[in-house]
Each structure stands twice: as structure tokens, then as C-alpha cells.
Amino acid sequence: MESVWNQSIAVWKWLMDHLIYINLILSVIIVFFQRRDPKAVWTWLLALYFIPVFGFLFYLILGQDMRKGKMFRVKEVEDRMRYSARNQEEFLKSHDIGLDSSLARDYSDLVMYNLETSGSVLTVDNTVEIFTDGEKKFQDLREELSKASRFIHLQYYIIKNDELFDSIIPILIERAKAGVEVRILCDGMGGRFMRKSKWDLLKESGVKVGIFFPPVLGRLHLRINYRNHRKIVVIDNRIGYVGGFNIGREYISKDPKFGYWRDTHLKLQGGSVLSLQIRFALDWNYAVGENLFKNMTYFCEDEDGACLYNMGVVDINQIEKKLGIQIIASGPDARSRQIRDNYIRLFSKAKHHIYIQTPYFVPDDAVLSALRVAARSGVDVRLMIPCKPDHPFVYWATYSYVGDLLSEGARCYTYENGFLHSKGVMTDGKVSSYGTANMDIRSFELNFEVNAVIYDEETTRKLEELFLEDLKVCEEITPERYEARSIFIRIKEQGSRLLSPLL
């Protein structure tokens, strides 16, 4: 025992004697071998020098760059998506876009950007139902799950072992026994409290279960900083859900800590459901290794297997409701920050107002600059955040960035009727973007996210009406109120803001 102790002391002494050279080598690795934002690089370098050696261990666990696109690619879907994207590019360049004329004129560049960047095709045969209450959303979900005849694909960041999931399990088991294919995909961190016995029960009943970035040795998460934050449900390619609700009792307002849970979830029908299905299939393939694209019937409402090839074609003459949607996704595996770039483009195009709901507001320089320019230009910029934190560190950073908007004339509010978890942007009563992405660096850089960009005035105005209704239970953060913060609060905010690039 004494020998081991002496050897440990000798190793530590050697590390300290050569610390300058070790830090130099590790700094070169951080600077030259990982493509990151300069602020994040400097923050990690500071961590390295203030916490020698251990700082680099933290970097390996929390800060490694996961942009390895090949890990998340499936050749079959890449070929088909390129085919569909080319179909639609040619169509959009030679025809009317199929939307309201003002939307087609003002936002065709954004449609084309999403199409060319990631093959996010525009579908215009959609309907949208909006849920802001968890009880109503999950009641509707249970009803639709009960009607499934072919397959259920269910993906959530968080699935908790409580009464909400218990109310869903019997439906999934019953459908599986009836011959419906049921798949559940959960993030490794978000599902960390789920009992193994419950997963086993589902598996024994014929339900397939996948864990995205699962822990090793039981509880050890080596990729703790990279989370699949997506919430997607696809039923028979007929119904799709995307938004902010996870599966847990707090999301149905049964956790006294948060009180009423205000969120936004979308129920989609139409061509956009196929886009959600593709996103689920890509994540499922990576997590489980089952390539769903080998069976094209998963991507059609019938058995012909041809609709994935045809999804880029917009037949205007057969469309009664021209409600345009593009499903866009982002994550550490992608080279472009598509959701963030969409936000920036929407902010830059706004002429009258920008409404934002987000539980966390930790923007990067590009997003913050776009909002500041919009506010200076006379655009009515309004930001709504929670009145209480679920993650204090991020909440303090959020409050710090609120000051940057207030100084430019933007108006900021705290939601006082419980906890605000809704994630969305609405501009000029024309276009909105809602889904799983927060307005923060983590969602832009590290999380796997998915949003629906909605090119429809009626739907966007409904979302804006909900926003304005929420203002009735909000308290405005006036410049005077903001400046009255104590020195202790300001120190916490600035410290959190400084460390935010470590995300």
C-alpha cells in the first residue's frame, strides 16, 4: 500500500515538474484539433491553466467536438434526400412556391437555404394543432397511439419512471401485441432514472427500445455534454408530434416545484410527418443499428414505397390548404447550425415585431447581434423567459443577456404563472419556428434538436395570440428593475455568462 502511495506521489511530482510542457501540448490539441467557437476555446484554455491536467479531463468529457457526420449518416436516405431536394429546387425555381404570395416573396430565400443546406424539403399540405397544456397534449397522444395500425415511433429526451409514462405503457404493449411495430428512443442522460425492469417489461412485450448515447458501467456518461434533445412521435406516417413536452409528471403540472407547466407542442398532419419520420429513423439507426430505410413502407402511407422519392414534388393543383412547413434539425454532427441560422434570418427579415419564448436565453454573438440590430431598427422585440430556474447556472446567464436587449430598447418579461418551457420564435405574424431548440448555445452547438418552420399567417397569428395572452400573467423586466439587482446577483450572472462557452 505504501509503495502505491509513493508511486502516486512520484507521478504527481513528475506532472508538476513538466506542467508547462504538458499544458502546451494539451493547448495545441484544443486549439488546432477541435473546430470550436473562439470564445469556447479561450474558456477551455483558461480552465486548463487554472485546473492543470484535470481541466483537460473535463474537456474530454464535456468539451470534445462530436462533429463526425459519418456516425449519423445512412447512405440510402442520403441518396433519396438528394433526389428529393433536387426535385424541389428545380420546382421552386420554375413555379410559384405554393404559399401565400407575400410569404413566397419574402421567405423564398429561407426555404431555399434550408433545402440546400440539409435537404429540408418544403411541404405545403399540412395541418397544425397547437398544445400548450401537458394534460391535453398527452391525452391526445394516448388517443392517437390507440389508433395505430402499422407502427409507433416515439422519441423523447426525458422519459421518467412515473405516472405519466405508466399511463402510456399499457397502450404501447397492447398495440405491440396487436402486431403494431413500436419503437421507443430515449436519450441516455434523459432516461437515467428509468428502471431497467420497466424497459425489460416493454421489450418482453415486443416493444423495441433504444438509448441514444447510453451510459457505460451502469451510470457513467462519457458523452454527458451531448444530448439528444429531440421530442418526436410518428404514428403510421399519419400523425406527427414535435415540441417541448417530455414524459414526466412535471410536464403535466404535477410537480409542486414548478407549478403549472407552460409549453408548446405541435401535432402535425401532412407531408411534414414524413420529414419527422426521416429524422427519427436517422437517430434510431445510429442508436440501435437498425436501418429502417431498407424498408420504404416506413416512409409511406401505402405499400408502394415510392413516396420518399416523391416528397420533393409539390403539386399545387391538389392542395386545398397551403400550410407550408420545413422540418429542420441541428446537432454536433452537422457542419452548419441550421436552427440558429434560421433564427438569425428571421430576425434580419422582421419589419414589425419579433416574439420569443424560451426557458434559456444564452445566445451566441451572431444571434445577439441580430436581435440588437432589429431592436435598434424599430422592430418590436419581445422576449419571454421563466420567473424561476430549473437550472440556476443557465438562468443567471439568461438574466445577464437580458440586459443586452434592454439596453437596445427591447422588452423582456418573466412568466409568473408557473414554469415557461415553450421554445419558439414568431415574426411579423407570418412565419414561426417552434420545436425543441432553446435560444442558447447548448441548443445551437451541442444538443441534437429539431424545429418546425411554419410558413403560414393563420398558424403564426394563433401562436402570437397565445404569446400575447401569456403577457397577462407576466411581469415586465423594466430597465429600472434590472438595474436594481444586488451586487451579489450581478456577480452570479456575470460568472455564469463567462462560463457559458464551456457548454
Side-chain angles (χ1 to χ4, degrees), residues 81-126 128 270-272 275 311-316 319 322-330 334-356 363-381 424-435 437 439 443-444 449-461 463-464:
M81 288 302 295
R82 278 197 293 267
Y83 182 86
S84 298
R86 284 196 301 270
N87 276 352
Q88 191 163 93
E89 283 180 31
E90 292 173 3
F91 179 87
L92 295 180
K93 288 175 181 177
S94 58
H95 295 75
D96 186 282
I97 199 172
L99 303 173
D100 175 83
S101 60
S102 63
L103 291 175
R105 179 179 61 253
D106 295 339
Y107 296 95
S108 59
D109 58 338
L110 183 59
V111 172
M112 193 63 70
Y113 170 79
N114 290 328
L115 186 61
E116 294 189 352
T117 299
S118 63
S120 300
V121 299
L122 172 72
T123 58
V124 293
D125 58 341
N126 302 286
V128 177
S272 58
S275 297
M311 70 179 296
V313 178
V314 181
D315 188 350
I316 301 301
I319 295 171
K322 298 178 182 178
L323 196 162
I325 292 179
Q326 281 180 302
I327 300 298
I328 61 174
S330 62
R335 289 189 172 274
S336 63
R337 306 172 192 174
Q338 191 173 7
I339 293 178
R340 184 209 66 166
D341 292 346
N342 270 253
Y343 287 155
I344 292 172
R345 193 64 183 144
L346 288 174
F347 298 156
S348 66
K349 295 174 77 66
K351 295 180 175 61
H352 182 262
H353 62 260
I354 299 169
Y355 297 159
I356 302 169
D364 61 13
D365 289 341
V367 170
L368 185 60
S369 178
L371 286 172
R372 295 175 73 172
V373 169
R376 289 176 192 164
S377 303
V379 176
D380 180 11
V381 178
V425 167
M426 301 141 279
T427 60
D428 291 348
K430 294 182 177 180
V431 175
S432 47
S433 178
Y434 266 85
M439 192 69 64
S443 282
F444 298 156
E449 306 281 8
V450 60
N451 270 28
V453 183
I454 304 170
Y455 305 91
D456 181 64
E457 293 185 355
E458 181 181 345
T459 304
T460 299
R461 285 172 180 164
L463 289 164
E464 290 185 350

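When reading the values below, keep in mind they use all heavy atoms of this one structure, side chains included, and skip hydrogens, waters and symmetry mates. All values reported here derive from a predicted model rather than from experimental measurement. Each residue takes its place number in the sequence, starting with 1.
For H353, the side-chain hydrogen bond (donor to acceptor under 3.5 Å, both in side chains) criterion is met by E464, not counting sequence neighbours. For D341, the side-chain hydrogen bond (donor to acceptor under 3.5 Å, both in side chains) partners are Y113, not counting sequence neighbours. Every residue was checked against the side-chain hydrogen bond (donor to acceptor under 3.5 Å, both in side chains) condition with T427, not counting sequence neighbours, and none meets it. In this view, Y355 satisfies the side-chain hydrogen bond (donor to acceptor under 3.5 Å, both in side chains) rule with no residue, not counting sequence neighbours. For S330, the side-chain contact (heavy atoms from CB on, under 4.5 Å) partners are I339, E449, not counting sequence neighbours. Among residues two or more places apart in sequence or in another chain, the side-chain contact (heavy atoms from CB on, under 4.5 Å) test is passed with R376 by R372, E408.
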The test is side chain to side chain contact (heavy atoms under 4.5 Å, CB included); show your working for F444 and M439 and say whether it passes. CA-CA 8 Å; F444 298 156; M439 192 69 64; 3.8 Å; yes
Check the pair L323, T459 against side chain to side chain contact (heavy atoms under 4.5 Å, CB included), reporting the backbone distance first and the verdict last. CA-CA 9 Å; L323 196 162; T459 304; 3.5 Å; yes
Report the C-alpha separation of V367 and F347 in whole Å, then their side-chain angles, then the decisive distance to 0.1 Å, and conclude whether the side chain to side chain contact (heavy atoms under 4.5 Å, CB included) test is met. CA-CA 8 Å; V367 170; F347 298 156; 3.9 Å; yes
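Between the side chains of Q338 and T117, no donor-acceptor pair is found at a separation under 3.5 Å. Residues N126 and S272 have side chains that bring a donor and an acceptor to within less than 3.5 angstrom of each other.
Looking at heavy atoms from C-beta onward, T460 lies out of side-chain contact with K430 at the 4.5 angstrom threshold.
Considering CG of L110 and CD of Q326, their distance stands at 6.5 Å, rounded to 0.5 Å. Between the CG atom in L463 and the CZ atom in R461 there is a gap of 12.5 Å [rounded to 0.5 Å]. If you take OG on S433 and CD1 on I356, they are separated by 11.0 Å, rounding to the nearest 0.5 Å.
Across all non-hydrogen atoms, the minimal contact from D125 to G271 is OD1-N, 2.9 Å. Heavy atoms only, all atoms of each residue included: Y434 and V425 are closest at CE1-N, 4.1 Å. Minimum heavy-atom separation, V124 to G324: CG1-CA, 3.9 Å. For the pair I327 and A452, the tightest heavy-atom approach, listed with the atom from each and the gap, is CD1-CB, 3.9 Å. Between V379 and A350, the shortest heavy-atom contact is CG2-O, 3.6 Å. Of all heavy-atom pairs between N114 and Y455, the closest is ND2-OH, 3.6 Å.
Under 4.0 Å is where a charged nitrogen must lie from a carboxylate oxygen, and between K349 and D428 no such pair does.
Checking L115, I328, V111, N451 one by one against S120, the side-chain contact (heavy atoms from CB on, under 4.5 Å) holds for a single residue, I328.
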